[in-house]
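One-based numbering, in listed order, for ligands and for the atoms of each. Sequence positions, counted from 1, serve as the residue numbers for this chain.
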Amino acid sequence: MLKTAICDLFGIEYPIIQGGMAWVSKAPLVAAVSNAGGLGIIACGGMSSEELAVEIEATRRLTDKPFGVNLLLTHTHIDDVVNVILNDPPAVVTAGAGNPGKYIPAFKEKGIKVMPVIPSVALARRMERTGADAVVAEGTESGGHIGELTTMVLVPQVVEALNIPVVAAGGIIDERGLVAALALGAEGVQMGTRFLAASETTIHENIKDCVVHAKDRDTVVTGRCTGHPVRVMKNRLSRELERLDAENDPAALEKLGTGKMRLAMVEGDTKWGSVMCGQGAGMVKQVQSVAEIIDEITAGASKIMSRLGEAKG
Ligand code: TUI
C-alpha cells in the first residue's frame, strides 16, 4: 500500500528516508533505518574523507540493504569526499547546502542514484536537467541550513515542475506527515528530527532529551545575514547569534558558530551548542528504536489512508 516510485528507484520497502545530519547520521542509525525497510543516509558533515570511508565500511558490516551518503557541498575537502564515495559507491547520494551538478555525471557512471536536496523550484529544475534521479524538496520547517518556502507550498510546485520523483522534507514527523506528503504529490518523505531521538543515534543523551521535551515554538532561524540561515533549538547560543544577526555582523556570527554543532551533539552542551533540529521537534514525544518509529509510521499511514478512502463516498 505504501510502495511508491522511490521504493522501486532505491530498492527499499518503505518511502521513508533518514535525513543526512552532520555529527548524527552514522553507521548504527543508518544501518538501522535501512534494515527497517527505509533508506539510511550517512552524513559527511563533521567528518574527514578518511572518517567517511570508515563509516561506509562500518555501515556495510551492519546491513546488506541499500543506504546513501549525504554530500555536504560546503565541506572543506569536498573533492576527497567525492573520491571516497566513488571508490566505495553507496546506492544513493543526496546533496545539500549547494549545487552538486558538476559531480552528478561521475556518480551516475558508478551506478549511484543521485537525489539533491533543494529549497526552490528553480534549483529543482536545474537538478533534473543535470541528471538527478529524484529530488528532496525541503521546506523551511527543517532543522539546519534551510530555504524560505514551507513544505506545504514547495512540494506541490516542485512536483508540478518535474518529471522525476520528489521526496518531501521539513516538518514531517509521523504518519500524518507521510500521508500529507503523498497527498501533495511526493513519492516519499525524508525525516531528520524524528531520527535525532532514535535509540540507535549515537549523539549525547542531552540532545535527545531536548528534542523530546521541545514545544512548538522552541526553534529559531539564525544566521540570515550570512546568507546561510540555520534553524536551531533556542538557547544561549541562538540568542547570541540572533543579536549578531540584528547587528548584521556575518564574520562574528560565523566565528561564534564554528564548532558548535560538535559541542552540542558530542559534548551534550544544550546551552552553548548548536542543536540543529526542525520545527517538528514539538511532535517527538519519546526516544524509540528505528524499527518502532518506522513500524508506527507505516502502520499509522495505512490506517489514515483507509479512513480517508472510506470517507470519500
Ligand atoms: O543542507 C541541508 N541542511 C544542513 S547542511 C548543514 S551544515 C551547514 N553548512 C553550511 C552552512 C550552514 C550549515 C546543516 N544543515 N539541507 C539541504 C539544503 N540544501 N537546504 C538548503 C539547501 C540548498 C541551498 C542552496 C541547496 C542548494 C543551494 O544552492 C545554491 C546554489 O544555487 O548554488
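Within the 4.0 Å heavy-atom cutoff, Ala22 does not count among the residues contacting ligand 1. Heavy-atom separations between Ile118 and ligand 1 are all 4.0 Å or longer. Every heavy atom of Gly45 sits 4.0 Å or more from the atoms of ligand 1.
The NE2 atom of His213 lies 12.0 Å from the OG1 atom of Thr270; values are rounded to the nearest 0.5 Å. Rounding to the nearest 0.5 Å gives a distance of 9.5 Å between CE of Met191 and CE of Met21.
Looking from atom 25 (C) of ligand 1 to the surrounding protein, the closest heavy atom is Gly98 N, 4.1 Å. Here the protein heavy atom with the shortest distance to atom 10 (C) of ligand 1 is Thr74 OG1, 3.6 Å. Here the protein heavy atom with the shortest distance to atom 5 (S) of ligand 1 is Leu72 CD1, 3.4 Å. Of all protein heavy atoms, the one closest to atom 12 (C) of ligand 1 is Val230 CG2, 3.7 Å. The shortest contact between atom 11 (C) of ligand 1 and any protein heavy atom is with His228 CB, 4.0 Å. Among protein heavy atoms, the minimum distance from atom 28 (C) of ligand 1 is reached at Leu123 CD2, 3.4 Å. The nearest protein atom to atom 17 (C) of ligand 1, hydrogens excluded, is given as Val117 CG1, 3.3 Å; this is a heavy-atom distance.
Paired with Tyr103 under the rule side-chain contact (heavy atoms from CB on, under 4.5 Å), one option of Asp79, Leu86, Val81 passes, and it is Asp79.
For Thr151, the side chain to side chain donor-acceptor pair (under 3.5 Å) test picks out Glu141, with sequence neighbours left out.
Salt-bridge formation is detected for the pair Arg60/Asp88: a Lys NZ or Arg NE/NH1/NH2 atom is positioned less than 4.0 Å from an Asp or Glu carboxylate oxygen.
Interface atoms of ligand 1 facing Gly96, defined by a heavy-atom separation under 4.0 Å, are 1 (O), 17 (C), 19 (N). Every atom of ligand 1 is numbered from 1 in the order shown, and the set under 4.0 Å from a heavy atom of Asn99 is 33 (O). Each of the following atoms of ligand 1 lies closer than 4.0 Å to a heavy atom of Gly144: 14 (C), 15 (N). The atoms of ligand 1 that sit less than 4.0 Å from any heavy atom of Met276 are 14 (C).
With a 4.5 Å cut-off on side-chain heavy atoms, Asp245 and Leu241 do not count as touching. Residues Leu237 and Val232 form no side-chain contact, since every pair of their non-hydrogen atoms from C-beta on lies 4.5 Å or further apart.
When Ala97, Gly20, Pro229, Gly257 are ranked by how near their heavy atoms come to atom 23 (C) of ligand 1, first place goes to Ala97. Nearest to atom 32 (O) of ligand 1 by heavy-atom distance, out of Met261, Met127, Glu138, Arg126, is Arg126.
In terms of polar-atom proximity, Gly143 is not counted as a contact of ligand 1, lacking any N or O under 3.5 Å from an N or O of the ligand. Of the polar atoms of His145, at least one N or O is found under 3.5 Å from an N or O of ligand 1, judged by distance alone.
Residues Leu149 and Pro119 share a closest heavy-atom pair of CD1-O, 4.1 Å.
At most 12 non-hydrogen atoms from other residues, nucleotides or ligands lie less than 6.0 angstrom from CD of Glu148. The environment of Arg176 atom CZ is sparse: at most 12 non-hydrogen atoms of other residues, nucleotides or ligands sit within 6.0 angstrom.
Under the 3.5 Å distance criterion, the side-chain polar atoms of Glu254 are left unmatched by any main-chain donor or acceptor of Ala251.
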